[in-house]
Student: 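Have a look at the structure that comes next, please.
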Amino acid sequence: MTQTSARTRTFVQALNEALDIAMERDPNVYMLGEDIGEMGGDFGVTRGLWAKYGEARVRDTPLSEAAIIGASVGSAMMGMRPVAEIMFADFIGECYDQLVNNAAKMHYMFDGQFKAPIVVRTACGGGFGGGPHHSQSVEGWFLNVPGIVLVAPATPADAKGLLLASIENDNPIIFLEHKALYRVKGDVPEGHYTTPLRRAAIARQGKDVTVVATMKMVHEALAAATELEKEGIDVEVVDLRTIRPYDAETVLESVRKTGRAVVASEAPKIGGLAAELSATIGEECFHDLKAPVLRVAGLDTPIPFSLVLEKYILPGKEQVIAGICSVMK
Amino acid sequence: MTQTSARTRTFVQALNEALDIAMERDPNVYMLGEDIGEMGGDFGVTRGLWAKYGEARVRDTPLSEAAIIGASVGSAMMGMRPVAEIMFADFIGECYDQLVNNAAKMHYMFDGQFKAPIVVRTACGGGFGGGPHHSQSVEGWFLNVPGIVLVAPATPADAKGLLLASIENDNPIIFLEHKALYRVKGDVPEGHYTTPLRRAAIARQGKDVTVVATMKMVHEALAAATELEKEGIDVEVVDLRTIRPYDAETVLESVRKTGRAVVASEAPKIGGLAAELSATIGEECFHDLKAPVLRVAGLDTPIPFSLVLEKYILPGKEQVIAGICSVMK
Amino acid sequence: MKLDIETLVDLYRDMVLIRAFEFGLEREFKKGNVPGMLHTGVGQEATQAALAAHLTATDAFFPDHRCHGINALAQEKYQGDGERIMAELFGRATGVCSGKGGSLHSANPKVGNFGDNAVEGSYMATVLGVALAYQMRGQPNVACCIIGDGTVGRGEFHESLNMAAIWKLPVLYACVNNGYAISMPVGKGHASPDIVDLARGYGMPCVIVDGNDIELAYAEVQKAIEYIRAGNGPYFLEFKTWRWQGLFSGEFRPPEEVKYWKEERDPMRLAREKIVANSAMTAEDLKRIEAEVKAEIDQWINFAKGSPMPDPAKATADVYVGW
Amino acid sequence: MKLDIETLVDLYRDMVLIRAFEFGLEREFKKGNVPGMLHTGVGQEATQAALAAHLTATDAFFPDHRCHGINALAQEKYQGDGERIMAELFGRATGVCSGKGGSLHSANPKVGNFGDNAVEGSYMATVLGVALAYQMRGQPNVACCIIGDGTVGRGEFHESLNMAAIWKLPVLYACVNNGYAISMPVGKGHASPDIVDLARGYGMPCVIVDGNDIELAYAEVQKAIEYIRAGNGPYFLEFKTWRWQGLFSGEFRPPEEVKYWKEERDPMRLAREKIVANSAMTAEDLKRIEAEVKAEIDQWINFAKGSPMPDPAKATADVYVGW
Ligand SMILES: Cc1ncc(C[n+]2csc(CCOP(=O)(O)OP(=O)(O)O)c2C)c(N)n1
Ligand SMILES: Cc1ncc(C[n+]2csc(CCOP(=O)(O)OP(=O)(O)O)c2C)c(N)n1
Ligand SMILES: [Mg+2]
Ligand SMILES: [Mg+2]
């Protein structure tokens, strides 16, 4: 990780820089997706790259999600490094087979003869009245799929470093971009650097309780920690960064230290990432735990349109605080 | 549950009886899928029904999995009761969007104005050299999807009773048929009866340790229990039967009694059903547990073709025994 | 076929309602009163009014993301409460889906509105089942699926047309070809700029319609629906039209193109000219209609704004039926 | 175009190899020596030999579930070890995928074999990317995707043909229309029994080929591949043929149909008659070739049977690259 002076950038700008650098450095990198060309993508992440690299390397596609992923995988088998954009993560169900049965199994079933180094960038998460098909957290759809990598940055600096690391990595990667983070600003180092995959970050050190979180929930956890500091509760926040395969060591080490764990996830509680983390912590830290591992997660519903309803079912700072207080009892 | 005299039937025959009875009782029930008509389905589950009910109600389709589910959902919105067959569960990725974004959310997002009472029967599970695309356990793909129901019988009697209950239920149901169970025989009551959804069964009573399992793993757990009986370990086996939403009460009650739990699942360990069960048991039975909840599950790989490789990665009786012994220590 | 003047004026009133609805909505959206995203149907009023005119409450239609107009017309015609479509877009408890659906998921089976699905094209599969139910029950109804040109990129396009064809299902495919999918020109995204070229292989009638001419559109929809009701199987209509809304980030289409469609090919203007040329009605008469309709839409907006938000606890209801 | 006799005899030898491979395999499968499922290409030898003859090791092909023959021909031609395809089907460590893939997933990029995908039709999407890589790198190669008539039902058919067309990708679609998808007759499963009718709308050349006549099939594949290599974009070939294998549960097709295809339209017999009529070779000469090839296949089977099973611990390797 070589990094020079840091500057303030938004999450979107950080992603855009990463794409620019990757395209610049490696002619095998190219991008494809809906409206990513002249328009620069629905959220502006690819802005300016079509003008700079031309339409052969920044390819607008029709609404053919299966073909987008298929084309990505096929070209990756040939040594190209496609970065596909699926406009909203909710639409990834359209190319689920391509990802689960093809990309994820390619290297394994053909005995290592092919690789599928694709990056599928996609905008996930709720909170803006997008309704049931524009707001979902989809990591749970892929948690039980060996071969798939799930990357989920929480900060602009990680967004850039993880995206570069993902593009340079040889595995099929779903790169989750939480829409609520797109406008978040933070220090972003200049130039090329990578943030290691499969390595969690300690977003905040603390000694009383561990909160494991991803993406927007990292920020909710940090806000909760700030608030609870006043009450004398010292919260450690672990930002998972890679969701599959994930960095169990860092998580377990933190829980062994604090003896208490809250796992926070925007997705519905049942059968999601929070369950996986809770199970692993329960298995490995049984004798260290002073309280049951608690899941703070979305309610078990689709995501409703009206903002009052959506707010009711998605977890935020308040729910994290309640969760922490419950395990501190 | 009205039941008359029991006779011995295979799992396939039990399913066939359920379909026959459902078709007979309700003209809104119809079936659609690939080769389910004159041929009777790849596994013979629909045999004889085309001749009996005609091709309008037993509809052969092209290889159009999305259209199969779409047609099912649309007709269900109109009050029909479609029973779709997706030949192998592995192919359900082709209609993932239809199930997750349409069937599962229909009732909710339209505020209860529509229902999508579909049953999607599909053959899952490994162990016969089917390779990476004919052997998967797919329940993990849907665990984090509110609105979906997952039903998974382990015995012929439950296969019939649960299938009838599923067809009569108003929710979208994925009905998992483990291929290794198709030829298993058991007592099956005659005539119409239903086995309640969302209700686990105690497949074997025991007092030392609880094994929670589904489908083929129920049989592996029972075999393990028989073997461990000799060693003086008394195993309780809970057959979950409905995977989502599942019967946490029965599971928790059993674990509270035994104080030890093994969760057994053929699917890969990471991010699967075993994780969900472990998390919930950990949350709810923290103070009752004498040992950590242990997951016995598939290794984190796609399913290889060669039988020696497949056997290596899929869990069986031996792994359940090892798991039980580990939590008994 | 020439339309009688009463029908034409009725259709014009419908078109006026659509435009007023969309403009009112857009204004409120810009003020921040309407959450989420908004795609308007301005420019496509003739196509929408023609479809709405021929669909009955026992037919079914799947509206696309620009179909607020069709939704409102059906809601008003069959239930007399078009304002509930507006309220849904405002996320209110009085909306047709009590605020759970919003712009992209406003449904009401009582008026034949089977709801949009924001995963574009997915209901091309769903429509098959609705049509199949009509067929199995011997009902002479039509299941209509309204899709944009861009949506044609989806694999379900093929699965749907093929299954509708082999089973002779009563499906009306109404493809609203407005030239673009977000920023993608139709001729760049598809092997042919005429979608009918991709549909013809399935053996159903495929007709290109001037989607901005209410008289022609009305006649072609009528023909298609009669054909389907007679049990002949599916039918494919491609409406050539244009949407006024650009990208969220602004206009991206060539100025001549914008000018051509907004001025020379404005469906409202074309309809007005027809009425004035063929009847005793004057431009003033039409202005009066416009004012009336606009006043009604303002009331709808007030209704929506004045309606209560849903009870948050309702957010957990109806995930499962009966559980 | 008339084939010279050497080429024709070579192709005949390839066809003999395919049939001997499949019959040998089927025999071992019935004995329980081959795990999993088995779909054979018997009856489709002319189509397979024609495709294999024109594809080079730097082209790419996606074989379908009946393509053991093509896989073996390519493996033998470019690596001299066709027996490794056999070994893969037996799940042995010496197989091309060390036993991890089996019948439905035997690949080897060194011979241009990009592997089957047992989710029928999914590689119709994958083939786009291979072709795109050729195009972006300026390589005059062809990416060939071999699909059955039944597979055409999948949505990817549409997404693939459309994208190949708009991007002018070097894709050869080789549709092996053997009249059935398992038990479903092609004319019942599709809007047209001629798949080209569904493909034509995408604007690429679409040609029906007699898939049982090696001379015609060879010529048509040659034309298609020349067209694609010249940078003209995709091409669609539909081979009319018939598979000898019925259902697992037995024969389900009318006896006259079976008789017609197995006797009058047997591609082996048609090829033999051509050779004998147009050269000095006799039926005896051809029998000798058959015996030679059969002996080789027996050796391959012995090789497979004598090969070790994979090391079980290898089952956890290569899930992730480098991890
Ligand atoms: C499967 C899917 N892919 C992408 C999108 C994002 N999206 C919403 S509208 C749209 C363009 C649709 O174009 P068209 O069908 O022509 O409709 P128009 O907006 O022009 O009326 C896209 C790409 C989506 N909603 N669903
Ligand atoms: C997506 C998918 N659906 C269903 C199947 C099961 N299946 C395997 S082969 C087959 C029939 C394929 O027919 P066709 O493409 O005509 O090939 P043929 O066997 O006739 O050569 C089916 C339905 C599958 N493998 N993949
Ligand atoms: Mg459009
Ligand atoms: Mg076939």
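Reminder, nothing fancy here: chain letters follow the sequence lines and each chain counts from 1. Just the heavy atoms: all of them, side chains too, but no hydrogens, waters or symmetry mates, feed the values below.
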Student: Taking 4.0 angstrom as the limit, do Asp300(A) and Arg244(B) come out as a salt bridge?
Tutor: yes
Student: Is Val145(A) close to chain B through its backbone or its side chain, or both, or neither, when contacts mean heavy atoms under 4.5 Å?
Tutor: side chain
Student: Mark yes when over 12 heavy atoms from residues, nucleotides or ligands other than Lys115(A) sit less than 6.0 Å from its NZ; otherwise mark no.
Tutor: no
Student: What residue, out of Ala66(B), Gly271(B), Gly93(B), Gly140(B), has the most heavy-atom pairs lying under 4.5 Å from chain A?
Tutor: Gly271(B)
Student: Examine whether an atom of Val138(B) lies under 4.5 Å from a heavy atom of chain A, and if so say whether it belongs to the side chain, the backbone or both; otherwise answer neither.
Tutor: neither
Student: Given the options His133(A), Glu284(A), Glu65(A), Gln98(A), which has more heavy-atom pairs under 4.5 Å with chain B than any of the others?
Tutor: His133(A)
Student: Could you report the tightest heavy-atom contact between Ala279(B) and Ala275(A), atom names first, then the distance?
Tutor: CB-O, 3.6 Å
Student: Tell me, out of Ile92(A), Leu277(A), Val293(A), Ile303(A), who's got the most heavy-atom pairs with chain B below 4.5 Å.
Tutor: Val293(A)
Student: Side chains of Gln136(A) and Asn101(B): is there a donor and an acceptor less than 3.5 Å apart?
Tutor: yes
Student: Determine whether the aromatic ring centres of residues Trp141(B) and Phe142(A) are separated by less than 6.0 angstrom.
Tutor: no
Student: Output the option from Ile281(A), Leu273(A), Thr280(A), Leu294(A) having the highest count of non-hydrogen pairs under 4.5 Å with chain B.
Tutor: Thr280(A)
Student: For Lys257(B), does the NZ atom have more than 12 heavy-atom neighbours from other residues, nucleotides or ligands under 6.0 Å away?
Tutor: yes
Student: Measuring from Ile270(B):CD1 to Ile243(A):CD1, what's the distance to the nearest 0.5 Å?
Tutor: 13.5 Å
Student: Relative to chain B, which of Met109(A), Glu283(A), His287(A) shows the most heavy atom pairs under 4.5 Å?
Tutor: Glu283(A)
Student: More than 12 non-hydrogen atoms from neighbouring residues, nucleotides or ligands closer than 6.0 Å to CZ on Arg199(B), yes or no?
Tutor: no
Student: Measure Val100(B) against the heavy atoms of chain A and call it side chain, backbone, both or neither at under 4.5 Å.
Tutor: side chain
Student: Test Leu289(B) against Phe286(A) for side chain to side chain contact (heavy atoms under 4.5 Å, CB included), laying out the working first.
Tutor: CA-CA 9 Å; Leu289(B) 282 172; Phe286(A) 186 71; 3.8 Å; yes
Student: Considering only NZ, NE, NH1 and NH2 on the basic side and carboxylate oxygens on the acidic side, decide whether Arg295(A) and Glu276(B) come within less than 4.0 Å.
Tutor: yes
Student: With a 4.5 Å cut-off on heavy-atom pairs, point out which of Ser137(A), Pro268(A), Gly272(A) contacts chain B the most.
Tutor: Pro268(A)
Student: Can you tell me which of Pro302(B), Pro304(B), Ala104(B) forms the most heavy-atom pairs within a distance under 4.5 Å of chain A?
Tutor: Pro302(B)
Student: Look at atom CD of Glu253(A) and say whether more than 12 heavy atoms of other residues, nucleotides or ligands are closer to it than 6.0 Å.
Tutor: no
Student: Of all of Asn144(A), Thr301(A), Asp111(A), Leu299(A), which one pairs up most often with chain B through heavy atoms under 4.5 Å apart?
Tutor: Asn144(A)
